[in-house]
Protein chains: 2
Amino acid sequence: MANQFDALLRRLSLKVTPKRLAILEILAAEPIYLTPEEVWTRMKRKSTRAGLPTVYRNLEELSACGILIKIVHPDRRLYYYFCPNDHHHHHFVCISCRKVEDLNFCGLDSIDREVRKSLKGAVVSHLMQVYGRCKECLAG
Amino acid sequence: MANQFDALLRRLSLKVTPKRLAILEILAAEPIYLTPEEVWTRMKRKSTRAGLPTVYRNLEELSACGILIKIVHPDRRLYYYFCPNDHHHHHFVCISCRKVEDLNFCGLDSIDREVRKSLKGAVVSHLMQVYGRCKECLAG
DNA sequence: TCCTAATTGAAAATGATTTCTGATTATAGC
DNA sequence: GCTATAATCAGAAATCATTTTCAATTAGGA
């Protein structure tokens, strides 16, 4: 199996195309949230040229089936995509270098309990992003 | 003092204009996140006609100085604005009726401690939104 | 009241994302 | 391997929330 994502795509009955593999390789290579356009630029560098709409479509598809995580930038109206290697979806995002680090802490259990108890509602999903500066950016 | 926001605006050295007051009144009247366009529509109903750019400008300004809270919808690429009456910025947002309720629980202290200790980074800001169905929508 | 800077409206611009169309390509079945 | 076919693709054009521009108006201090 030339590529680690080959089997993953097949399992999800998505065709294994050079574009899809390139996108996944780029995102798997750096633990950073990238915009569709940044992924596209990196593809050109790797001489896997693709149309921007293709990049958008694939990122959307791959995040829809759970391979990638998609977030919105809270200030600019942009989508960012990230390839997590584990299943923990809470991140510390450095506002300088955009590096992503995992947060071991997840307060969702307490939140779920709180919503159920005092609001009598039901939690469907949640979004938690913590922004700051990472160790390296604080030093530099 | 004809209007409760009069003094607030003066304190922030923002001119007290009919449009600004109308926007604040609309948002203060319902505990719901509204899009700029929804605010604009409600202004027309109140016969305080304003241009859409004016609504955008004011919402941006008012959220910049902390009177309003601005979030991005995680799926559609829209801005939502909300007028909090207290200072607690964690919300439970009903995905059916869009009503906003406060969450007493805030895990930021623990997160801050975690980031400082194990990542050696510094938290600058955070975004937590919990989506679900409120009591009424669960019943209806 | 007058002056000046802030605010506003209307139209045009922006820019990320999506849609459309007609090629191209991966893969299942032979 | 070969073929059929459904998925995928590129490029151009469209979409649409938001922003900018600029001339006209207005709020608030002097």
Side-chain angles (χ1 to χ4, degrees), chain A residues 1-3 5-24 26 33-44 46-65 67-68 70-81, chain B residues 1-3 5-24 26 33-44 46-65 67-68 70-81:
Chain A
M1 197 106 324
N3 192 292
F5 294 113
D6 202 291
L8 180 56
L9 289 175
R10 276 174 212 285
R11 208 176 312 132
L12 293 157
S13 36
L14 289 174
K15 288 188 176 175
V16 181
T17 69
K19 324 277 171 173
R20 269 213 255 269
L21 288 176
I23 289 172
L24 283 172
I26 284 166
Y33 276 97
L34 294 178
T35 61
E37 193 155 350
E38 287 170 332
V39 172
W40 182 61
T41 306
R42 280 165 172 72
M43 286 183 82
K44 282 193 289 193
K46 292 181 66 175
S47 67
T48 315
R49 208 166 282 273
L52 200 42
T54 300
V55 175
Y56 272 96
R57 248 184 321 240
N58 278 305
L59 288 173
E60 185 55 37
E61 231 160 22
L62 293 170
S63 72
C65 64
I67 302 183
L68 301 178
K70 171 189 184 179
I71 63 171
V72 251
H73 186 110
D75 298 320
R76 312 200 285 125
R77 296 190 311 145
L78 287 175
Y79 289 142
Y80 283 167
Y81 292 87
Chain B
M1 192 111 327
N3 192 293
F5 295 112
D6 201 290
L8 179 56
L9 289 175
R10 277 173 212 284
R11 208 176 313 132
L12 293 156
S13 36
L14 289 173
K15 288 189 176 175
V16 181
T17 68
K19 325 278 172 173
R20 269 213 257 269
L21 289 176
I23 289 172
L24 283 172
I26 284 165
Y33 276 99
L34 294 177
T35 61
E37 192 155 351
E38 287 170 332
V39 172
W40 181 62
T41 307
R42 281 164 171 73
M43 286 182 82
K44 282 192 290 193
K46 293 181 65 175
S47 67
T48 315
R49 208 167 283 274
L52 201 41
T54 298
V55 175
Y56 272 97
R57 257 183 312 238
N58 277 304
L59 289 173
E60 183 55 37
E61 229 159 23
L62 294 171
S63 71
C65 64
I67 302 182
L68 301 178
K70 170 190 185 179
I71 63 172
V72 250
H73 186 110
D75 299 321
R76 312 199 284 126
R77 297 190 310 144
L78 290 175
Y79 290 143
Y80 282 166
Y81 293 88

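Remember, it's a predicted structure, so these values are computed and weren't measured experimentally. Quick note on labels: first sequence line is chain A, next is B, and so on, each numbered from 1.
You'll find the side chain of B:Asn58 stays beyond 4.5 Å of the side chain of B:Leu24, heavy atoms only. Residues B:Tyr79 and A:Arg77 form a side-chain contact, since some pair of their non-hydrogen atoms from C-beta on lies under 4.5 Å apart. Using a 4.5 Å cut-off on side-chain heavy atoms (C-beta onward), A:Tyr81 and A:Val39 make no contact.
Nucleotides of DNA chain C with any atom under 4.0 Å from a heavy atom of chain B span, from 5' to 3', C:dA5 to C:dT17. When DNA chain D is scanned in the 5' to 3' direction for atoms under 4.0 Å from non-hydrogen atoms of chain B, the outermost contacting nucleotides are D:dA17 to D:dG28.
Put simply, NZ on B:Lys19 and CZ on B:Arg49 are 10.0 Å apart, with the number rounded to the nearest 0.5 Å.
Across the interface with DNA chain C, nearest-nucleotide mapping of A:Val16 and B:Arg77 shows B:Arg77 to be the residue nearer the 5′ end. Mapped onto DNA chain C by nearest heavy atom, B:Lys15 and A:Pro18 fall at different nucleotides, with B:Lys15 at the one closer to the 5' end. When each of A:Arg49 and B:Leu78 is assigned the nucleotide of DNA chain D with its nearest heavy atom, A:Arg49 is the one assigned upstream, toward the 5' end.
Scanning residues 52-59 of chain B for heavy-atom distances under 4.0 Å to DNA chain D yields B:Pro53, B:Tyr56, B:Arg57.
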- Task: Could you please spell out the steps behind the side chain to side chain contact (heavy atoms under 4.5 Å, CB included) verdict for A:Leu9 and A:Leu62?
- Result: CA-CA 9 Å; A:Leu9 289 175; A:Leu62 293 170; 3.9 Å; yes
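Heavy atoms of B:Glu60 sit nowhere under 4.0 angstrom from any nucleic acid atom.
For the side chain to side chain contact (heavy atoms under 4.5 Å, CB included) test with A:Met43, the passing option among A:Ile26, A:Thr54, A:Leu52 is A:Ile26; the others fail.
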